[in-house]
Protein chains: 4
Amino acid sequence: MAGVNKVILVGNLGSDPEVKYLEGDKAVAKLRLATTESYKDRNGNRIDQTEWHDLEMWDGQAKIAEQYLKKGSQIYVEGKIKTDSWQDEQGQNRYRTKIRVLSFTMLGGKPDGAGSNQPSNSQQAYSPKPAATSNTSGSSQDLVLDDSDDDLPF
Amino acid sequence: MAGVNKVILVGNLGSDPEVKYLEGDKAVAKLRLATTESYKDRNGNRIDQTEWHDLEMWDGQAKIAEQYLKKGSQIYVEGKIKTDSWQDEQGQNRYRTKIRVLSFTMLGGKPDGAGSNQPSNSQQAYSPKPAATSNTSGSSQDLVLDDSDDDLPF
Amino acid sequence: MAGVNKVILVGNLGSDPEVKYLEGDKAVAKLRLATTESYKDRNGNRIDQTEWHDLEMWDGQAKIAEQYLKKGSQIYVEGKIKTDSWQDEQGQNRYRTKIRVLSFTMLGGKPDGAGSNQPSNSQQAYSPKPAATSNTSGSSQDLVLDDSDDDLPF
Amino acid sequence: MAGVNKVILVGNLGSDPEVKYLEGDKAVAKLRLATTESYKDRNGNRIDQTEWHDLEMWDGQAKIAEQYLKKGSQIYVEGKIKTDSWQDEQGQNRYRTKIRVLSFTMLGGKPDGAGSNQPSNSQQAYSPKPAATSNTSGSSQDLVLDDSDDDLPF
DNA sequence: TTTT
DNA sequence: TTTT
């Protein structure tokens with residue numbers, strides 16, 4: 001019965017992360033990630049096919065995303081699929097699938113600036129590379145968790 | 001721009017595959033796969049959380065699924081995320097996400113029978129393990145396989 | 001600079017886990033895992049090609065392995081590649097690559113017995129499925145960790 | 001018995017690819033890839049731990065690597081583990097593990113040049129993005145690609 | 001031997 | 001809506 005539900009994505013953000021702060025030092029970030037596949041059709045024309053993914057990050061990860069990611073950023077993402085379902089006003093079943101991010105890594109060169117609200121001198125804040133990889137995390141000692149076998153609330 | 005869109009699942013089928021045959025030797029199978037995550041809540045109670053995934057397989061793969069998979073089968077799946085979107089009659093945007101399967105592997109012991117419509121002597125048809133792993137494959141103008149330095153697996 | 005080093009394996013154990021207990025509640029398990037790939041050669045003969053992997057698990061994970069895994073067990077493994085190198089007595093560089101396991105999941109039906117030293121009524125000990133999935137872990141509250149961004153000593 | 005043997009890496013090349021041309025349009029490329037993991041030790045000092053991987057690519061893939069990859073290139077790699085073993089002159093068993101690459105994707109911005117032997121105006125050769133993603137491919141009796149519902153990507 |  |  002124990003299962004595996006794993007997603008690996010490499011793509012670019014369609015816009016800056018949207019971060020909401022909740023009570024108790026909690027935060028959630030929503031991001032839209034494009035993964036583009038390129039192939040030739042039977043006439044030899046190159047076709048790009050883009051898939052858009054809704055990413056969700058929490059807490060320390062959300063804050064790192066806010067600080068370092070922005071529209072266009074290329075990232076590697078690991079996460080799991082979660083589908084929300086509900087009934088709409090017409091009583092119809094509705095579904096929405098998102099990727100709950102467990103860790104991500106920034107790709108490509110150094111960021112040329114930072115999150116959308118950041119002054120572009122945040123290069124320094126970026127230094128050492130504490131943000132280059134983020135795992136689902138929280139406490140200030142940089143505790144790293146993954147949410148498979150424990151009592152995390154998600 | 002080149003991206004990665006990869007899903008890895010291990011779970012059990014919620015029902016037998018539903019296979020439709022289309023014109024020209026094409027076939028498509030729909031499957032529902034449950035991946036269950038188990039964790040302890042803060043009171044130490046074990047909680048099972050199940051996520052259901054819509055899988056789609058085509059052609060040779062669909063036929064193998066029909067023949068060898070059934071309700072309860074445990075499989076390893078590799079695929080990619082595809083989200084269909086459309087407008088419903090109320091003009092609202094609707095979304096449905098599925099996993100386009102690129103390869104799968106049957107897990108656990110030998111199948112005790114076979115697909116739901118199969119005589120249970122299909123054990124023989126199963127022999128060696130021709131069905132144990134399936135890659136996306138099919139008609140010759142659409143040949144797509146994913147292995148490497150060898151002859152083709154089917 | 002942040003990188004990704006990820007291995008995903010599904011295979012069977014070639015023998016029972018070998019577990020060593022070290023000072024301070026530490027334990028390490030060595031396992032040999034076979035992943036077999038099946039293909040047809042150009043004469044249509046089915047060929048099985050088996051790759052053997054050296055797995056290493058630590059602490060809580062090692063103990064779970066000892067208790068529930070044995071020769072023949074089919075498991076799903078996630079981990080990372082680590083290559084040890086040293087000079088042998090002739091002054092030659094020697095290399096040995098192993099998989100540091102970060103999590104694993106038992107596949108197939110319930111185990112029919114248990115680790116090699118276990119009474120075969122361990123079915124009960126196995127109950128619900130507390131052991132079915134293991135992450136790199138430690139403390140008794142079932143704390144789950146992965147060792148990417150922290151100060152774990154391995 | 002069917003198994004899974006999958007490696008996913010993101011890292012940087014330690015040097016330009018070494019490509020050898022063999023008889024019959026065959027080619028093989030050797031690459032060294034560094035994956036670096038960053039963590040804080042218990043004193044809060046950031047530690048970088050680098051793992052080096054031997055990559056092997058064949059045929060079309062090797063040629064693309066020669067043309068577009070060079071020292072420092074950041075790539076995403078998918079492949080499988082292969083361990084060669086042999087006896088050395090002392091009759092000792094020797095082992096060497098490498099990653100047989102099945103597909104790779106260049107990460108980060110546009111290449112600023114090209115393979116080590118290429119004129120740096122190869123930007124044009126790079127155009128559209130024929131090299132951005134490569135799957136295992138090659139001679140017609142050994143055609144192996146890994147994508148899905150489309151025409152072939154090269 | 002890479003990268004930040 | 002990203003990227004090349």
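We name chains A, B, ... by the order of the sequence lines, and we start the count at 1 in each one.
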- [ ] Could you tell me whether the side chain of A/Glu51 and the main chain of B/Thr83 form a donor-acceptor pair under 3.5 Å?
- [x] yes
TODO: Quickly work out the D/Glu18 CD to E/dT2 C1' distance and round it to whole Å.
DONE: 15 Å
- [ ] Check the distance between F/dT2's C1' and A/Lys70's NZ and give it to me in whole angstrom.
- [x] 13 Å
TODO: Please check if the side chain of A/Asp88 supplies one atom and the backbone of A/Gln90 the other of a donor-acceptor pair under 3.5 Å.
DONE: yes
TODO: Would you mind reading off the distance between D/Ile47 atom CD1 and E/dT3 atom P, rounded to a whole angstrom?
DONE: 21 Å
Open item on the list: Whole angstroms only, please: what is the CE-P distance between D/Met106 and F/dT4?
Closed with: 12 Å
TODO: Kindly indicate whether the side chain of A/Ile81, heavy atoms from C-beta on, has any atom under 4.5 Å from the side chain of A/Thr97.
DONE: yes
- [ ] Report yes or no: is there a donor-acceptor pair, N or O only, under 3.5 Å between the side chain of D/Thr50 and the base of E/dT2?
- [x] yes
Open item on the list: Please report the distance, rounded to the nearest Å, between CD1 in A/Ile99 and C1' in F/dT2.
Closed with: 17 Å
Task: Length of the CD-P vector between A/Glu37 and F/dT2, whole Å - done: 20 Å
Task: Side chain of A/Ala34 (C-beta onward), nearest among F/dT4, E/dT3, F/dT2 - done: F/dT2
TODO: Measure from CG on C/Asn5 to P on E/dT2 and round the result to the nearest Å.
DONE: 19 Å
Open item on the list: Output the rounded distance in Å from CG (D/Leu107) to P (E/dT4).
Closed with: 13 Å
- [ ] Look at the side chain of D/Thr36 and decide which nucleotide, out of E/dT4, F/dT4, E/dT2, has an atom nearest to it.
- [x] E/dT2
Open item on the list: Tell me whether C/Asn93 at atom CG has more than 12 heavy atoms from other residues, nucleotides or ligands lying less than 6.0 Å away.
Closed with: yes
- [ ] Would you indicate which nucleotide in F/dT2, E/dT4, E/dT2 comes nearest to any side-chain atom of D/Lys71?
- [x] E/dT2
